[in-house]
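One structure is given below, encoded as structure tokens.
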Amino acid sequence: MASSPSIERAVVPRPRETTARKISVFLSQHARVRLAFLLSAPLFWLGLVYIVALVSLLITAFWSVDSFTGEVSTQFTLDNVITVVTGSLYQAVTLRTVGVALLVTIVDIVIALPIAFFMAKVAGPRLQRILVIAVLMPLWASYLVKAYAWRSVLSQGGIFEWLVRPFGGESPGYGLPATIITLAYLWLPYVILPIYAGLERVPNSLLEASSDLGAKTGRTLRTIVLPMLWPAIIAGSIFSFSLSLGDYITVNIVGGANQLLGNLVYTNVGAANNLPLAAAIALIPIGIMIVYLTAARRTGALENL
Amino acid sequence: MTTATPAIRLTGLTKTFGAVNAVDHLDLDIAEGEFFSMLGPSGSGKTTVLRLIAGFELPTSGTVELLGQDVTSRAPFDRDVNTVFQDYALFPHMSVLENVAYGLRVRGVPKKERLERATAALESVALGTFGSRKPSQLSGGQRQRVALARATVVQPKVLLLDEPLGALDLKLREQMQVELKELQRSLGITFIFVTHDQEEALTLSDRIAVFNNGRIEQLGTPAEIYEAPTSPFVASFVGTSNLFDETESQQLLGLSGVNSIRPEKITLGVKAAGISLPATITEVIYLGTSTRLLVELAGGKRLTVLEQNVSSRSTDDRRGDAVHASFAKADVVALQPA
């Protein structure tokens, strides 16, 4: 080999044996200890906030309130649950709430699909970023402000009426349609974002391949985009549906005299001072969500999430 | 239809992205039944040309003719060309058979017939038993074949292939090259093949267009491109070349202009007839079937030399040896300066 001049090597100091280093060495050799350190705090918090709160709600639903003293009796009883399931008021309100939540979800999906498609597949990178911010921006404003803004928009002589009057339309006024409009507005970002993310995961080459094989745009959307987007649509619908199920403020502000399940919970906790009955009512949306998620699972949508 | 009608004719084709001319006034005829390769580094415009032919991009100016018909402004679904994509673009929610049958389904072919034809297409790529699987359950090479079957089952006039072998490992790539060539012969249709791999282009093609900066730098048969490159770019992009600039040509070769010589045309040994330059071997790289040597000429000019390993002598450590690098004047190729 041709002789090369010897390269002077700089001396690299060995790391010192500090305590921190010893701990690092110990942790690097013990994966389970590492995992424990990582997860103990969040698990403690999850356990406290999620499990304890939910379990106590469950338990409270099987207690009762002494009608004379207003004291909560911790004796097990099915009375509240039976009342909630068989009472015609609760049945009517449950149906109304589910109906509102379903309509809100459908409206949101119908609006979100073209917006998300434009964001993911049509807009350039710069416009895409601007649109993501635009979609997120309403979340920076207070829920109450937005709900009252819609109250003003839909009021007599409000912007809505001013807009549709020339075409012979009129404001829906306060009631369930106003509630659906307002809730659909409030939850729209939560539906757009998962669908947008889902569309981002559909490679453009798949759309091109479909077109290349002879499919027109509508066909490509139906047979390629929609099936691949299904999990994302379900994910978005879970947000809008579950958030609508639990809402009681919007319906108070724009819903006129209508009551949803949340209102019943609210009045039973506050005015009626019947926490066990409120807990029993609160079990209804939980039950509905379990049914909804099971149905979503059946479609196979959750497997691809 | 006369045989003189080219399968594809591009006239003054230009595509601009912002201020960049991706394709710059391209004129090109591709004959029917030809295996045509577009070779070039990334960003040279070859893929854009393919996408313009497929209809995924619309040209800024110029026309695309398919078998004599102007299809410039037609949508991809309205053109008798099909594409095999670089990432295969198989539909992940459909089975392999559904993927292959998709083009027939879209054309309204009855279910029974389209499944039969799709099955036959799958069998022709040796995947007859894989129809019920999902694309995610296949290997890269198998996906590649499904993509081929899907694109050819609809009987296109021209098949466009966008670096279809890029993601495969070497052994599989070589095997697929042979299969592609056989497929093209049996279908008898035009294949337009985009690649940055010069060896692949040389192996497969009837003709090659070497792309650089949105223009065709050279157009010819593999032998023409390799043996008689016309520019320094082609000489160094296709294979390896020893380039001599004008002064080096004058001093070392006694020739004017820019010249090049392929490494395998140079022999190392005692002084010989023709051009024979004293040199020192500086590096010996053993490549199995051949050995690549770097030699330094007296003036400091370095040459790459390729020797076939015909005897076990080739493994000798010859660094530092004084030799003569000899080659025939006829093997020196004159290039047009860039």
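The analysis underlying the following values was restricted to heavy atoms, covering all of them including side chains, and did not include hydrogens, waters or symmetry mates. Being a predicted model, the structure only gives us computed values, none of them experimental. Every chain is numbered from 1 and lettered A, B, ... according to where its sequence line falls, protein lines coming before strand lines.
The shortest side-chain heavy-atom distance between A:Glu208 and B:Thr83 does not fall under the 4.5 Å cut-off.
Within 6.0 Å of the CZ atom in A:Phe239, the count of heavy atoms belonging to other residues, nucleotides or ligands does not exceed 12. For CZ of B:Arg173, the number of neighbouring non-hydrogen atoms (other residues, nucleotides, ligands) closer than 6.0 Å is greater than 12.
Proximity to chain A (any heavy atom under 4.5 Å) is shown, for B:Arg105, by both the backbone and the side chain. For B:Leu104, no part sits under 4.5 Å from any heavy atom of chain A, backbone or side chain.
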Problem set entry | Stepwise side-chain contact (heavy atoms from CB on, under 4.5 Å) test for A:Ser210 and B:Phe91 | CA-CA 9 Å; A:Ser210 173; B:Phe91 307 127; 4.0 Å; yes
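A:Thr223 and B:Tyr102 share a side-chain donor-acceptor pair at under 3.5 Å.
Looking only at distances, a side-chain donor or acceptor of B:Asn82 sits under 3.5 Å from a matching main-chain atom of A:Asp212.
Put simply, of B:Ala54, B:Ala75, B:Ala89, the one with the most heavy-atom pairs under 4.5 Å next to chain A is B:Ala89.
Pairing each heavy atom of B:Leu90 with each of A:Leu206, the nearest pair is O-CD2, 3.2 Å. Heavy-atom minimum distance, A:Gly214 versus B:Val106: O-CG1, 3.0 Å.
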